[in-house]
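All ligand and atom numbering here is 1-based and tracks the order in the structure. As the structure is a prediction and not an experimental result, all values here were calculated from the model.
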Amino acid sequence: MRHRHTITRLLAATALALPLTLPATPAAAAPAGTPARQLTDVIPAPAETRPDPRDTFTLGPLTVIRTSPHSTPARQVGRQLAEILRPATGYPLPVLPVHATPLPEIALLIGGADARLGQEGYQLDVTRRGVTIRANTSAGLFAGTQTLRQLLPAQIEASERQRTTWAIPGGSITDHPRFAYRGAMLDLARHFHTVGEIKAYIDLLSQYKINFLHLHLTDDQGWRIQIDSWPRLTTVGGGPGTGVDGAGPGYLTKADYKAVTAYAAERHITIVPEIDMPGHTNAAQSTYAELNCDGVAPPPRTDTAVGYSSLCIDDELTYQFIEDVIRELAEITPGPYLHIGGDEAHATTDEDYTTFMRRVLPLVSKYGKRAFGWNEVMQVDPATDVVAQFWGTGTTNTDLAEAVARGNKVVMSPANKAYLDMKYDRNTPLGLSWAGYIEVRDAYDWNPAQRVTGVGEDAVLGVEAPLWSETLRSLDDIEYMAFPRLPAIAELGWSTAASHDWESFRTRLGAQAPRWRLQDVDYYPSPQVPWL
Ligand code: TNX
């Protein structure tokens, strides 16, 4: 009874807060040509959907967002959902941390959900009375709200009030991810991308249930993260004239980096920072002469060649430098992983590479992080907690298969499937083509657990779509290469292998286009997709 009282008071308070300009009647029906949403029109495809065509919930001016009482995380997800839904609907959508209300409601509840949902799954039920999303964690609840967002008409993405019926198809969804790691990568070294651009990309990633963003922070052409004990790395190594063609200067201060990790965390995305070594290090070595075996700083480089730089393996200063960088970066990284690169070290002998990695990998553990490395790192038989990121184009890799047999886990980023910087076809104005052209169907039609011999379902931690930025400068460039292939990789990471179906995927993908247009996403209109 006491609860009742609280609710009545809260509702009274809410009613007072309602703007006086509520529309008197629900707005006009959806304009012709906008087909009604189906419960299955979601990317990534949910694990189980049970449509109930007799039921539809229509969001209206009196709808409230109700969150588990006393749950700050549920309330946070509720506020985020309200912010997404308010501009286009014009409805107040108050967020009330209470027990059931007599009003039509979207209930966001943490706890008491089916154990099968795990840490990121959710259950979504739509009846005439309202929508209920239940999850075991706020990550699951957030994932459920992203599904709900896609179940609403596309106009929900508009930044101004729209006249339409905000119908949500009835039925229920039970959903949880196939893989724990569903990543994207952005290369800040070849062209720097600002905090605003990174946040905009995070907003898009979170809509497709991506939960890791790997930032490639250093390379031959630029150093993009502040390190206090080596201050010229950013002012010189990331300063004016750096980046490909000298056109991508800039760096993240520690405050910027913290802002990015916090913004990502609010969207249930964890940042994985990468410092590439012992190759891809010209920006550091041209800045600090003492990081070179001959003590002479090479000139800065703004071309796109790879494999020419190497740290000095026999010099103790190299390890002091690496330890300083790892320590400072680990300190500002809330997530569990720190990526040490290790790719294309063609200017380092195999013996030196092994010596180097065997000294550096333990430093990552020393500062409380779990190391990630490109698949070359598996050559040195690292500890089994080191994650391999596979970027090859083939289907066999002995070092990787042996590492998996020992117990290492793998993130799959095959360059000829998952690289978002590859051109779609010969006419694509941006991007590279060394791993081939990747049309949407190529990006979608592969199985991460059947790609490399000896690397099966249990060994796969997940998938990641890297976006190298030799040719990319603006957010528009990023969007054009990522959309529509990023949602394809997101679906491979989240949805069951049994649900894999190109015809279904291309139809659902085509239906995303009106959302992207309203969000100003500059996508590639692939001829393989029936765009709405
Ligand atoms: C290979 S993939 C690289 C990068 C390039 C990329 C361009 C990998 C681990 N190394 O240095 O930017 O190709 O597609």
Side-chain angles (χ1 to χ4, degrees), residues 183-193 212 214-224 242-245 247-248 272-285 301-311 337-348 353 357 371-380 386-394 397 399-400 403 410-424 428-438 442-443 451-452 463-473 477-478 480-482 485-486 489:
M185 188 209 86
L186 200 53
D187 172 8
L188 304 193
R190 273 56 175 270
H191 280 102
F192 180 65
H193 307 295
F212 285 91
H214 167 186
L215 295 177
H216 184 74
L217 292 168
T218 67
D219 213 301
D220 290 318
Q221 301 89 341
W223 185 285
R224 311 298 181 198
T242 63
V244 169
D245 297 333
V272 179
E274 178 189 352
I275 305 293
D276 207 345
M277 59 184 96
H280 289 279
T281 46
N282 196 68
Q285 292 183 278
R301 295 268 299 249
T302 59
D303 60 296
T304 60
V306 294
Y308 57 83
S309 53
S310 176
L311 289 169
Y337 299 116
L338 197 150
H339 202 307
I340 53 153
D343 60 312
E344 299 175 317
H346 307 317
T348 316
Y353 186 84
M357 284 301 170
F372 242 80
W374 296 104
N375 54 253
E376 286 95 319
V377 172
M378 295 300 118
Q379 289 162 21
V380 314
V386 178
V387 179
Q389 184 168 11
F390 176 74
W391 65 282
T393 55
N397 183 307
D399 292 327
L400 190 65
V410 182
V411 165
M412 295 297 294
S413 301
N416 50 348
K417 298 284 176 189
Y419 268 31
L420 300 178
D421 62 312
M422 291 301 120
K423 290 175 182 286
Y424 294 96
T428 309
L430 301 167
L432 306 175
S433 57
W434 68 264
Y437 301 128
I438 305 181
D442 303 311
R451 182 69 193 162
V452 177
V463 293
E464 184 181 295
L467 185 45
W468 302 96
S469 59
E470 283 93 337
T471 65
L472 312 178
R473 298 193 182 184
D477 292 352
I478 291 170
Y480 187 78
M481 300 310 276
R485 292 178 295 193
L486 177 93
I489 304 298

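A 4.5 Å side-chain heavy-atom check between Asp343 and Asp276 finds at least one atom pair inside the cut-off. Two residues are said to be in side-chain contact when any heavy atoms from C-beta on lie closer than 4.5 Å; His216 and Pro466 fail this criterion. In this structure, the side chains of Gln285 and Leu311 come closer than 4.5 Å at one or more pairs of heavy atoms. Considering only heavy atoms from C-beta on, His214 comes within 4.5 Å of Gln389 through its side chain. Side chains of Leu467 and Asp421 form a contact here, defined as non-hydrogen atoms less than 4.5 Å apart.
Under the 3.5 Å distance criterion, with hydrogens and angles disregarded, no donor-acceptor pair is assigned to the side chains of Trp391 and Glu344.
The protein residues lying under 4.0 angstrom from ligand 1, judged by non-hydrogen atoms, are Arg190, His280, Asp343, Glu344, Trp374, Trp391, Tyr419, Asp421, Met422, Leu432, Trp434, Trp468, Glu470.
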